[in-house]
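Every chain is numbered from 1 and lettered A, B, ... according to where its sequence line falls, protein lines coming before strand lines.
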There are 2 protein chains.
Amino acid sequence: MSVDTRPILPGLRERGVDVTGYTAYGRLVYPVTSPGARAISTRRCAQMTESQRGASRRHPSNTSTRPTIRDIAREAGVSVATVSRVTHDDPRVISETKQRVQRAIDRLGYRPSALGRALSYQRTSTLGIVLPGLGGPYFAQLIEGAESVAVQRGVVINVLGTHLRPDAADAVRRLAERTDGLIIAGGTLPDDELAALAATGRVIVVAGEVEGAPTVVTDGRRAAAELTSHLADVHGYRRMRFVGEPDGSPDTAWRYAGFCDALAERGLTEAGEPLRLGLDVRSGAVAARLLHDEADLPDALVCANDELAIGMLATLPGLGHRIPADVAVTGFDDQSLAEIASPRLTTVFQPTAELGARAAAGALGDPIDDNTILPTRLVVRESCGCEPEHAPN
Amino acid sequence: MSVDTRPILPGLRERGVDVTGYTAYGRLVYPVTSPGARAISTRRCAQMTESQRGASRRHPSNTSTRPTIRDIAREAGVSVATVSRVTHDDPRVISETKQRVQRAIDRLGYRPSALGRALSYQRTSTLGIVLPGLGGPYFAQLIEGAESVAVQRGVVINVLGTHLRPDAADAVRRLAERTDGLIIAGGTLPDDELAALAATGRVIVVAGEVEGAPTVVTDGRRAAAELTSHLADVHGYRRMRFVGEPDGSPDTAWRYAGFCDALAERGLTEAGEPLRLGLDVRSGAVAARLLHDEADLPDALVCANDELAIGMLATLPGLGHRIPADVAVTGFDDQSLAEIASPRLTTVFQPTAELGARAAAGALGDPIDDNTILPTRLVVRESCGCEPEHAPN
DNA sequence: CTGAAAGCGCTAACAA
DNA sequence: TTGTTAGCGCTTTCAG
């Protein structure tokens, strides 16, 4: 029961890598190959005396192999074909034998191997989802939407976060092999890799674009322009700045483009370069500190998503800047948090789960348009400077 | 290019379910079976005239079947065994034939089927991770840690979020079937299901406990007690409240227990019931509003994790409560965000990625103790009321 | 109504 | 050095 302090993760901290930190969208946080990595377990092994080996403290590896269809057949005194029929509720098998087989199944605790089935069916009943990272509500919702259609089809979902993997493209290819369809989020793979993959099979791209595969998106550009227009026309803000990395993902690129559109339309210029950071709460907080240090806050900050905006809400006030009195802040996506934080967040609603659901249906073989565009909606609340509609706070 | 507004997600919104909202830890957000679910695609199909069917706008389903080892063998004029040897870099095959085979492989774009291999090897080279939800940095880090050892072993990771699935236990069983090992987070499965699964094979439980499987944890109870003691002894807070659902996960339960320990030790009582909410930023914001409405803030809020604390930071100031002047707030986990938000968060460091790495190694067959306890560390910053050590802000 | 057998893609003895 | 063949667990004709 003593506390174990020996790290198995190869000295990330020592190398200046922030092990604690999580980057939702962009950076790689661990080394590809590390010679020291296996060391601990082998060393630990070597240290053990023969008597300790396999002793009580070590957990026994369960070697009991699962029963196969043949075991059941033998046990029930029937052929494997009959067992297979029983597991498929085939009406042809007479109820007497069915009973017998079922009992054998229960007794031995048999469950058909997914692997065997997949090989035979030539279908894995698995849907792959490729995302940049796994943090944050946006991707969680996307997955949720996909799950909702997957469960109905008896399909399981495999999620792959590419930014957790140095060998992203290869990992995706391997995933593709194990799945019947693939949903790939924009910004996960280089364009050429994406295109190659798209050509290869049943893939749907969400929040991105590619030649050769259907896409499911929202018109972030238009929406961002609308949002920015509100800031300019209703509130008269002139000095606005974008928070997010336009080169990081198509979604962010579109939103930035819309932001620029609205400015240009009014002869305005950006109050500064985009704050090129990730898409997580942390990046919002970092941006807030950066801005604070610059000591020249713009009128309004247009964040690439709600999480960035939340990061600002959790940082700017503590630094002495009131929102929206000193600086307006807007988000994007309308996560449920947006209407709960204070001030409530002005943002753009986007049917994220629906994106996932559509993509899933398409990836699973439903007919789907080459380019599905889902609607967005400007959601004006208080963080832009508008009055609370009613209600206390 | 017209915007498509027909929902495929079965009228969640209409039924009062918040489609936008994401619950990281606890609630189920979509229906199990919904009769209307398939409707849209079939309807859409039916609406189409014969001429539209398969027309330009619809994406062609790629039917080109991948080449198998036999195709390569034929193409190269060798046996499948030789092809297999080439794909395994078997030194026995003479370089001349190797070349020939390799050319065939390249020409046909052959990649060995993971399925076929798995069946033959009796090993899937896949590690399963079962988590409650996929949002938030904590789980992302856990996965990251696991990935770091997985990549080194050429193993892919399969993540399953149980709270996205109504049929959690079954989904886990299915996952177990497709993987060589399983990491299961505490709070994902009912105890009995967990125990049953633990008995079945190679599973490691992280941040939880179970009879029959090794666990990897931190001593959250001790850490929480230490944190709470700091609040009481250094700052003299008397009225403290816990934010989090102790029944939601073992981790939270431990932390709550430690909180209570420290109070009891000093003859203090809780300033109120725990605020039983989820573990995400949103829940923190909700808690903040709840507290604000109660109009009687405690001295200090001990949050079950950093995300809850961040939710408070993003809400309380806007509601007129200064942190820590009016109320102290502490987190747990020491996500990187904690030292960036303002005020900087007092919290407890926990080697989350390391937890994942250890668990992964164990699940993949490395010898592992029945109970691995990783160290934590109290991280005192400003949100508890301590002075900033140095540095501006 | 049930069984035998071929086959899904691959690996690994065992032979040659 | 290469080929033949028997599985791995399951499904599915085709006979009976």
Side-chain angles (χ1 to χ4, degrees), chain A residues 63-102 104-105 108-126 154 173-174 176-180 201, chain B residues 63-102 104-105 108-126 154 173-174 176-180 201:
Chain A
T63 38
S64 77
T65 170
R66 284 178 34 200
T68 79
I69 196 171
R70 260 178 284 269
D71 297 323
I72 304 301
R74 193 177 324 110
E75 178 85 3
V78 297
S79 75
V80 294
T82 300
V83 177
S84 178
R85 289 190 189 107
V86 170
T87 61
H88 285 91
D89 268 332
D90 190 314
R92 290 177 306 185
V93 24
I94 202 170
S95 90
E96 198 267 328
T97 42
K98 183 181 224 156
Q99 302 259 315
R100 196 147 38 94
V101 172
Q102 192 57 56
I105 289 179
L108 273 58
Y110 167 76
R111 284 174 54 89
S113 145
L115 240 50
R117 282 204 164 158
L119 197 54
S120 185
Y121 284 145
Q122 291 295 87
R123 198 159 43 71
T124 58
S125 294
T126 299
R173 266 190 295 270
R174 293 177 63 177
E177 228 156 70
R178 300 165 180 263
T179 54
D180 298 333
Chain B
T63 38
S64 75
T65 172
R66 283 177 36 197
T68 80
I69 196 172
R70 261 179 283 269
D71 296 325
I72 305 302
R74 193 176 325 111
E75 178 84 3
V78 298
S79 75
V80 294
T82 301
V83 177
S84 178
R85 291 190 186 106
V86 170
T87 61
H88 286 94
D89 268 333
D90 190 315
R92 289 177 306 183
V93 25
I94 200 170
S95 91
E96 198 266 328
T97 43
K98 182 180 224 157
Q99 302 260 316
R100 197 146 38 93
V101 173
Q102 192 57 56
I105 289 179
L108 272 57
Y110 167 76
R111 283 174 55 88
S113 145
L115 240 49
R117 280 203 164 158
L119 198 54
S120 184
Y121 284 144
Q122 292 295 84
R123 196 159 45 70
T124 57
S125 294
T126 299
R173 267 190 295 271
R174 294 177 64 178
E177 227 155 71
R178 300 164 179 265
T179 54
D180 298 334

message = In this structure, how many angstroms lie between the P atom of D/dG9 and the CG atom of B/Leu115, rounded?
response = 14 Å
inquiry  = Judged by each residue's nearest nucleotide on DNA chain D, which is more toward the 5′ side, B/Ser120 or B/Thr82?
reply    = B/Thr82
task = Grab the CG-C1' distance between A/Asp90 and D/dT12 for me, whole Å please.
result = 11 Å
request  = Remember a base hit wins even if backbone is also touched, and classify A/Ile94 as base, sugar-phosphate or nothing at under 4.0 Å, heavy atoms.
outcome  = sugar-phosphate
query = A/Thr126 and B/Arg178: side-chain donor and acceptor closer than 3.5 Å?
reply = yes
task = Please report, rounded to the nearest Å, how far the C1' atom of D/dC10 is from the CG atom of A/Leu119.
result = 8 Å
query = Roughly how many Å is it from OH in A/Tyr121 to P in D/dG9, rounded to a whole number?
reply = 17 Å
task = Look at all strands and tell whether A/Ser84 reaches a base, only sugar-phosphate, or nothing, counting heavy atoms closer than 4.0 Å.
result = base
task = For residues A/Val83 and A/Val86, determine if any side-chain heavy atom of one lies less than 4.5 Å from a side-chain heavy atom of the other.
result = no
Nucleotide D/dC10, atom C1' - distance to NE2 of A/His88 in whole Å = 8 Å
inquiry  = Donor-acceptor check, side chain of B/Thr87 to backbone of B/Ser84, threshold 3.5 angstrom: yes or no?
reply    = yes
key: Separation between CD1 of B/Ile72 and CZ of B/Arg100, rounded to the nearest 0.5 Å   = 13.0 Å
remark   = Heavy-atom nearest nucleotide on DNA chain D taken for A/Ala81 and for B/Thr97; more 5' hit belongs to B/Thr97
note = Closest non-hydrogen contact found for A/Pro67 with A/Gly109 is CG-O, 3.9 Å
query = How close do A/Ala73 and A/Ser79 get, heavy atom to heavy atom, and via which atoms?
reply = CB-C, 3.8 Å
ask   = Which residue lies toward the 5' end of DNA chain C, B/Arg85 or B/Gly116, if each is placed at its nearest nucleotide?
value = B/Gly116
NZ or CZ of A/Arg117 within 45° of A/Tyr121 ring axis and under 6.0 Å = no
remark   = Footprint ends on DNA chain C, 5' to 3', for atoms under 4.0 angstrom from a heavy atom of chain A, come out as C/dC1 to C/dG9
inquiry  = Base, sugar-phosphate or nothing for A/Val78? Non-hydrogen atoms, less than 4.0 Å.
reply    = sugar-phosphate
task = Answer yes or no: is there a donor N or O on one side and an acceptor on the other, between the side chain of A/Thr124 and the main chain of A/Asp180, under 3.5 Å?
result = yes
message = Angle between the end axes of the helix from C/dC1-D/dG16 to C/dA16-D/dT1, five pairs per end, to the nearest 10 degrees?
response = 50°
task = Using a 4.5 Å cut-off on heavy atoms from C-beta on, say whether the side chain of B/Thr97 contacts that of B/Arg85.
result = no
request  = Tell me what B/Arg123 touches on the nucleic acid: a base, only sugar-phosphate, or nothing, going by heavy atoms under 4.0 Å.
outcome  = nothing
ask   = Whole-Å distance between D/dC10 P and A/Ile72 CD1?
value = 9 Å
Presence of A/Gln122 side-chain N/O under 4.0 Å of D/dT11 phosphate oxygens OP1/OP2 = no
ask   = Between atom CG in A/Leu108 and atom C1' in D/dG9, what is the gap in whole Å?
value = 15 Å
query = Would you call B/Lys98 and B/Asp89 a side-chain contact if the rule is heavy atoms closer than 4.5 Å?
reply = yes
ask   = Over how many whole Å does the gap from A/Arg117 atom CZ to D/dT12 atom C1' extend?
value = 13 Å
